[in-house]
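Down below is the structure, laid out as structure tokens.
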Amino acid sequence: MERRKKKRWEDETITGVGRREARTSFYGDSARHVSLNGDWKFLYLEAPEFSPAGFEEPGSGAGWDTIDVPSVWQMRGYDHMHYTDVLYLFPVNPPYVPSKNPTGIYKRSFVLDDAWFAGDTILKFHGVDSAYDIWVNGVHAGYSKVSRLPAEFDVTSLVKPGENDVTVRVYKWSDGTYLEDQDMWWFSGIYRDVELINEPKNAVLDCRVTAVLDTACECGRAAIDLTVKGVGSGTWSLLDGERLMAEGDFTSSGDQKEIGITAEAGTVRPWTAETPYLYRIRIRFENHEITVRTGFRTIEIKDGNFTVNGTAILLNGVNHHDYSPTEGRAVTYEQMKADVILMKQHNINALRCSHYPAADCLYDLCDEYGLYVIDEADLECHGFEWVENYTWISDDPAWETAYVDRAVRMVRRDFNHPSILMWSLGNESAFGCNFVKSAEAVRTVDPSRLVHYEGDFEAEAADVYSTMYTWLDKLEEIGRGEKGNQKPHVMCEYGHSMGNGAGCLKAYQDLFRKYKRLQGGFIWEWYDHGFLTKDEEGHEYYRYGGSYGDFPNNGNFCIDGLLMPDRTPSPSLTEYRQVIAPVEIRKKTGSGREILLKNWYDFKDLSHLCVKWWISCDETVQEEGVIEDLNAGPGEGCRLEIPYRPFMPESNTDYYLNVSVCLKQDVPYAGKGHEVSRGQFLLKEHLETAVLHEAGGRFVTEDDGILFKVKGKSSEVVFHKIYGRLERWTVDGKPYVTAGPEVTVYRATIDNDMYKKDDWMNKYFIQLPDEQMEYFRTEEHENHVDVTIGTYFGCLNQSWGFLCDYHYTVYGDGAVTCRLEGKQIQRGKAEPGFLPRIGIRLKASKDLQKAAWYGLGFQENYADSREAAFMGVYRSDVDGMSTNYVYPQENGHREEVSWYSLGDGERSLLVTADRPLGLNIHNYTEESLEEAKYPWQIKEAEDVIIHMDYLHSGLGSNSCGQEQEEAYKVKRQDFALSFTMRAVDAAEDVAQSKIKYLD
Ligand code: IPT
């Protein structure tokens, strides 16, 4: 059948028209750069063919809208917002795209003075999505594509002194779209900077520096490859700050000439992410001067590892997308700088540009602050997997030019950044001949770095064996060398941080640290990609896929970052920071005052750090000190004596040795005292005492056949004899407990339980429990009443459950003790593999909004995500105990809680547990949390909702990857919970918590 003629933006063989050769970005340039950012006229069309006649002519554009550049037009009210992970939004019919092809025509003028014409005029677009034609003063000047790479056009012959006009017509869909199917929002427009460069007639066009380190002598050598235009002479110099290290000169006699220079730098300070030391290379050719920055380091594979300066390194990385909650994919230097600083503060040492090259300045920041980078070509054709012809274009030589262009232009642009360790050929695009060609082409341009591509499952073309979301057991096999090829391994994605999680990060780190072949990985991902919205009722929240009526969509699969959209770190970022901390603090039981520091840096010793230690109990610091001298080279350990004084412990008080490893001096990303790692150890000093409940407290009981009441001198406890529950507990007429404990096995589904949810809720109905009364007995004693309630707990149509015994003791002094024992039971076969939790829920009076707990905190923590939490007494209002996830789900859990209090500022409900338990305190129920799609939809409960868990399952990372590890899955089992409730003065909760009663 005959096919129509391809439009320009449907031709996969055209990578550009009139576009200059890609070249490196200069750090400094004496040529004038004039920004064309700002307001442009804008005409939005349904298809390019609707362009009005003469739109490219100067003077047209009357009545058009105005749009700011850089921006994406979907965030300015044009077209529509749409998020898909994998799906193309049109038939898979490469290279053709829909006739309805949203198009934006941009237009503006600029004025050039006479002096400008001593040089040439280069028009540079740093990023336009997805393909575009340009006209200058009405004349077609070129065409380009690859959304996330720059394009430069020499428009010298088209401009004139005075006013000039530039028109850009941007197509949303192009053949390039088939290669830009990354898991992200579909955005279009001129979303990175636009500038004019006044390039001298004799100019340095390109300067590619390969700076290597000879580790034997710590000597540096830089190979400088120049491309110059024009005739003349030049000089080069290599500078350390302002200090000249080497210099030389060169001449050029041709139109365009390649010049090779070798600069011997002598002894240098090596560049590593830990020691990001930069040098400058200055090139002057006639009147043109440029500078590039460089760092001396050698990247190579040695003994099965990838190494920097001869040392195998471990990557503790994150995946980074361009993102702003208000601007979509248009991001500023300030934002990227804040990102890089935040990464460094969180011990992150590597960044993967997922899944396209970033703006130049991100690499500058990584060079400066020290992050290893995997730079990735703007290439993903994931939608082909869904049509079950995944290799369709990746293995079709007709597309070779397009593939190679994307990789090579990236390498040419980013060549000079010492931070870049690997060139990645793309993401999620199967494997085929075009990747083999891309790898070859990349190595031709730059043999000094490694080639990465995860889709090359056998690492045929890549230098490293890269996998994503590999489960722990498989990863261990890779580590042992039983799986895959023999190349060094990296996880380009793991730890899917969607919603609450990722858990089990420590388990990954342990493997990375155990097996030489495993060289770390990159958490998926840095940001939650939600967009700030204010609705008519004034609710402010973040929208995700589907929130805009976009269909099909991948919902909140884009809300999967370590950072909330407003850059607030999620608890998982704090967890990650500790998991990857470059110093591990250990203490052997019985080792007295001795602790051990293990140095996990690859290059640095610990001399830049000090140890702050303090002995804590409850809310007080009893003694503190600093140890300044830490001596341990990379990979080594050192022992320290913590010189705390002997002390007499107070009764029923835990004492902790807390250790914080901190920076001794300010560094560019953090101040002196910034914590790099922390550790905490329970001291053996402990004194246990117990007292009797106050004797003589009088009480009376009432029984009307339905309610059984125990009235003390000031308290009243009411039990329901039919439902078998503690109904309420009041003291001095003030209600504290408004609904007594009932067993629960359910939590509001977290994203990482998304594959369990259907079974849990539609097959095992764990959210629909029924606790049936078995028996109700009372026994009155001299100063207490025993109420024993038997129940049967089960869920809708389930044969598994628990036989429960609640033993309540109501004392004359008002205290109530509950001892609950649950015995598992299963009389059929069907049951869930594990349960979210086994625990109880109770309700407290709504005016009790001030919470305190003694347990792990401050931030939420879970069985497989608690490395960053310390034991202590923490205080918060009830709302402050919740983490406000963009997509509502279980949150705010705390482990190891021995007591908690809930008060109104004057009086508090104090609950002390015999054995530490898990705690959640919220102003909402998990049912309403489950129902809500946005935080503002979470219904406020009439009571404070308390969960006390015998066990609470871990988080895992199963929204994409590893399930909860077996140890952190709560299996059906017998359980027991035992606690005492008392009403105390709010200020007395800590003191009162120490009163332990004899049975
Ligand atoms: C992987 C993608 O590379 C990434 O872009 C993102 O979509 C991530 O998954 C999930 O959030 S691909 C997946 C098939 C493992």
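From a predicted model like this one, the values you see are computed outputs, not experimental measurements. Indexing begins at 1, ligand by ligand and atom by atom, following the structure's order.
- The main-chain N or O of D560 is never found under 3.5 Å from a side-chain atom of S497 such that the two would form a donor-acceptor pair.
- Salt bridge status for E440 with R443: absent, with no side-chain N to carboxylate O gap under 4.0 Å.
- Only one option out of W186, W185, Y83 pairs with Y548 in a ring-ring contact (aromatic ring centres under 6.0 Å, His included); it is W185.
- Among E476, E477, K474, the single residue meeting the side chain to side chain contact (heavy atoms under 4.5 Å, CB included) criterion with E482 is E477.
- Between the side chain of Q962 and the backbone N or O of L472 there is at least one donor-acceptor pair closer than 3.5 Å.
- Sorted by chain then number, the residues whose non-hydrogen atoms approach ligand 1 to under 4.0 Å are D85, D183, H355, H382, N427, E428, M468, Y469, E493, H496, W524, F557, D560, C960.
- When the side chain to side chain donor-acceptor pair (under 3.5 Å) test is applied to T401, no partner is found at least two apart in sequence or on another chain.
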